[in-house]
Amino acid sequence: MIENYQTLKENLAKGWNTWNTRSVLSHVLLPEGFAINLGIKEYSQGAYLKEALIGRQNEGAETVIPSYHAYDGAYTSLKVLWKGIELIVETALEKEDIVILVTPLKKTRRPPTLIIESGVLWNKEGSTSRVNERLIWSSTNRKVIGYGIGHSVIETNVQTQTPYIALKLDTIVGFSTGVMRDIAEIQRIIEKQKEQHENRKDMYGELGEVYDSLQTCMAWDTIYDPSHDRVVTPVSRIWNCNHGGYALFCWDNYFAAYMASLDNKALAYANAIEITRERTDDGFIPNCAWGTGFKSLDRSQPPVGSLIIRELYRKYGDKWFLEEVVDNLLAWNNWWYENRKNGPLLSWGSTPYEPRFDNYWETAGVNDTFGGALESGLDNSPMYDEIPFNTENHMMELHDVGLNSLYIMDCYILADICEVLRRDKDKSVLTNRAETIKDSAQKLWSEKAGFYYNKLTDSGECSHRISPTNFYVLLGGIPTQEQAKRMIDEHFYNENEFYGEWMLPSIARNDIAYPDQEYWRGRIWAPMNFLVYLGLRNYDLPEARRDLVRKSKDLLLKEWKEHGHIHENYNANTGSGCDKRTSDRYYHWGALLGLISLIEEGYLEGWENVIGGEVSNKY
């Protein structure tokens, strides 16, 4: 039984897997850091593909179509399309060995060459060498020998600086560590592991394709971060490579933790703990933390951490896990109350600080409305266009329905956690905060419109620019059943606002900015659907819940079946994700659209209890 995080980390960061964020064609053995890096040399232009990523959009870039990826690396499969070359690359594990099979799908005038390059990554101790068609990795603790299987060629014009094997890709070729294996034996190992992986997908019945999309994206996005000796699942490999090696975002990684919990406890815990450990000295979980060393010290992001932490505890029951994170979660809750309470309710904000880097994000938006919008997680949302900003208290002049609803939920759920840990004083403070803010939030209700609106704090006027965040009141247990039903009947099902073939748009369809369909200006974002769905579960609203489940699943599977993509966001008119370059094509939180269906069908337990609004005693 794992009783602490250090043991879990050590168990997670071991074995052969796609740990290297810079290429999905790189397989690394942890903890040694021994690497097998696959490259492709073509001859029409003499180009060399040294690294490959999913979803690159620059001209001439490779296209990677990911298929299965077991979390433990037992089986992986993907297709690479590049400069007229088409290959399938499969890998499998046999005890401590890895086998690789590369299958050409298309003939070219001159066959390309597969380069199997050796390496020792992240400055770990060790060396590599080549003897004939064998690659040898050595360290003080371990030695690994790998064997190339295929037509060996001499190819010196490639960008490598370590020993490698070159195999002509005019037929299927392979590679095997441990012992020499022929192609037939490698194929048998691969088929065995593939079948075992497909059996896991079959466990989800009609939702097998939904499970496959979620699990596959999570596995390909999971990496090893050597700077912190940790396994995490950042938003995507492209984001990592553009931000110094990893790109963690606050609510993104909490959601990743919950998606992993479907069938990978260790990865779920690792993601939840690591993003919580990014807490700043001021006490909040930052908007982002990157491999460059940058951390957003002016702003946080939506407080969903306690929600995810509690559900992981409900599933697994490890009290040490709660003890690992509770102090940071409480500090974060206190920070909101002390730094973003703007009269009776909370407002998004951005607190100035002394910049540490020559970095755009050290100054962009700091202590102004843009910084507050970044804190909301809805970076360019029209809801915050032209909202005044108070540079003295460092907050928007806006009481935001979404923020206050999430904070109420955070207080109630943290009170639940404190009850488990017998922290009665903290529980009392949290419950009192929740009730006080809940009473004040009720004043955002418009009886005439049957809706909760954001309210300007300088004028007292309501803002009628609305988004799915206005439905977050369902998470905090703020509306009565009658109020909740009015919101659904008059707004959720209003085709001028949110209802349609594809939903939920991130701004109402009748908003002047909706036609932009750019980022948070009208596009559909999975975390919004996910949070609204959880809120619907707090009330007797079965039709809306059913419709949101179905439409979310259909949206996810549309791009998944067509392109193998999990998008950062989707067009609310067409359901497409590929229409905008600003929609990353392999961004894991897009799979929250499918997680909704898996929760609805009972594959994740715990949601039968009220998420916010009362303290649960289910422990």
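Just so it is clear, the structure is predicted and the values come from calculations on it, not from any experiment.
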Salt bridge flag under 4.0 Å for residues Asp579 and Arg523: yes

Side chain to side chain, His567 and Asn569, heavy atoms closer than 4.5 Å: no

Side-chain donor-acceptor contact under 3.5 Å, Arg465 with Asn454: no

Parallel, tilted or perpendicular: rings of Trp525 and Tyr519 (30°, 60°): perpendicular

Lys NZ or Arg CZ of Arg230 over Tyr246 ring: under 6.0 Å, within 45°: yes

Side-chain heavy-atom pair Leu121, Trp19 within 4.5 angstrom cut-off: no

Glu338 atom CD, neighbour heavy-atom count above 12 within 6.0 Å: yes

Side-chain touch Thr160/Tyr48, heavy atoms, less than 4.5 angstrom: yes

Evaluation steps, side chain to side chain donor-acceptor pair (under 3.5 Å), between Tyr269 and Glu324: CA-CA 10 Å; Tyr269 277 13; Glu324 175 74 35; over 6 Å; no

Whether Tyr407 and Tyr337 hold their rings parallel, tilted or perpendicular, with breakpoints at 30° and 60°: parallel

Exercise: do Tyr353 and Asp282 side chains pair donor with acceptor under 3.5 Å: no

side-chain hydrogen bond (donor to acceptor under 3.5 Å, both in side chains) partner of Asn328, chosen from Arg277, Arg279, Glu278: Arg279

Check: Thr91/Thr76 side-chain N/O donor and acceptor closer than 3.5 Å: yes

Glu125 vs Asn141 side-chain heavy atoms within contact, under 4.5 Å: no

4.5 Å side-chain heavy-atom contact, Tyr71 and Met218: yes

Heavy-atom neighbours of Lys315 NZ exceed 12 at 6.0 Å: yes

Donor on one side chain, acceptor on other, Asn367 and Arg299, under 3.5 Å: no

Of Arg142, Lys124, Lys14, the residue whose pairing with Glu32 passes salt bridge (charged side-chain N to carboxylate O under 4.0 Å, His left out): Arg142

Between Asp252 and Tyr587, a side-chain donor and acceptor under 3.5 Å: yes

Separation of Leu214 CG from Leu556 CG (nearest 0.5 Å): 8.0 Å

Thr7 and Asn4: side chain donor to acceptor below 3.5 Å: yes

Identified side chain to side chain contact (heavy atoms under 4.5 Å, CB included) counterpart of Ile65 within the set Leu81, Val80, Leu78: Leu81

Check: Asn571/Ser576 side-chain N/O donor and acceptor closer than 3.5 Å: no

Aromatic ring pairing Trp332/Trp336, orientation class (parallel under 30°, perpendicular over 60°, tilted between): tilted

Lys143 and Ile136: CA distance, side-chain angles, deciding distance, side chain to side chain contact (heavy atoms under 4.5 Å, CB included) verdict: CA-CA 7 Å; Lys143 181 177 181 179; Ile136 302 169; 3.7 Å; yes

Interatomic spacing from CG in Leu307 to CG in Asp416 - rounded to 0.5 Å: 11.0 Å

Intermediate values then yes/no, ring-ring contact (aromatic ring centres under 6.0 Å, His included), His27 and Trp16: CA-CA 6 Å; His27 293 261; Trp16 288 103; 7.9 Å; no

Lys/Arg N to Asp/Glu carboxylate O, Lys83 vs Glu62, below 4.0 Å: no

Donor on one side chain, acceptor on other, Asp298 and Ser350, under 3.5 Å: yes

Any side-chain donor near an acceptor of the partner, Asn37 and Tyr164, under 3.5 Å: no

Any Arg237 side-chain heavy atom under 4.5 Å of Val24 side chain: yes

Side-chain H-bond candidate by donor/acceptor type, Gln215 with Tyr68, under 3.5 Å: no

Closest non-hydrogen atom pair, Thr276 against Ile285: O-CD1, 3.4 Å

Option passing side chain to side chain contact (heavy atoms under 4.5 Å, CB included) with Glu274 (candidates Thr233, Val232, Asp225, Asn253): Val232

4.5 Å side-chain heavy-atom contact, Ser139 and Phe34: yes

Stepwise side chain to side chain contact (heavy atoms under 4.5 Å, CB included) check, Leu38 with Ile115: CA-CA 6 Å; Leu38 304 181; Ile115 304 297; over 6 Å; no

Distance-only side-chain donor-acceptor flag, Trp348 / Asp400, under 3.5 Å: yes

More than 12 heavy atoms from other groups under 6.0 Å of CD on Gln57: yes

Exceeds 12 heavy-atom contacts within 6.0 angstrom, atom CD of Glu10: yes

Given Asn342, Thr457, Thr369, the one that forms side-chain hydrogen bond (donor to acceptor under 3.5 Å, both in side chains) with Glu397: Thr457

Asp281, CG: over 12 other non-hydrogen atoms inside 6.0 angstrom: no

Whether Trp239 and His243 hold their rings parallel, tilted or perpendicular, with breakpoints at 30° and 60°: parallel

SB check Glu518 Arg521 (cutoff 4.0 Å): no

Donor-acceptor side-chain pairing of Ser261 and Tyr316 below 3.5 angstrom: no

Test item: side-chain donor near acceptor, Glu568 and Ser583, under 3.5 Å: no

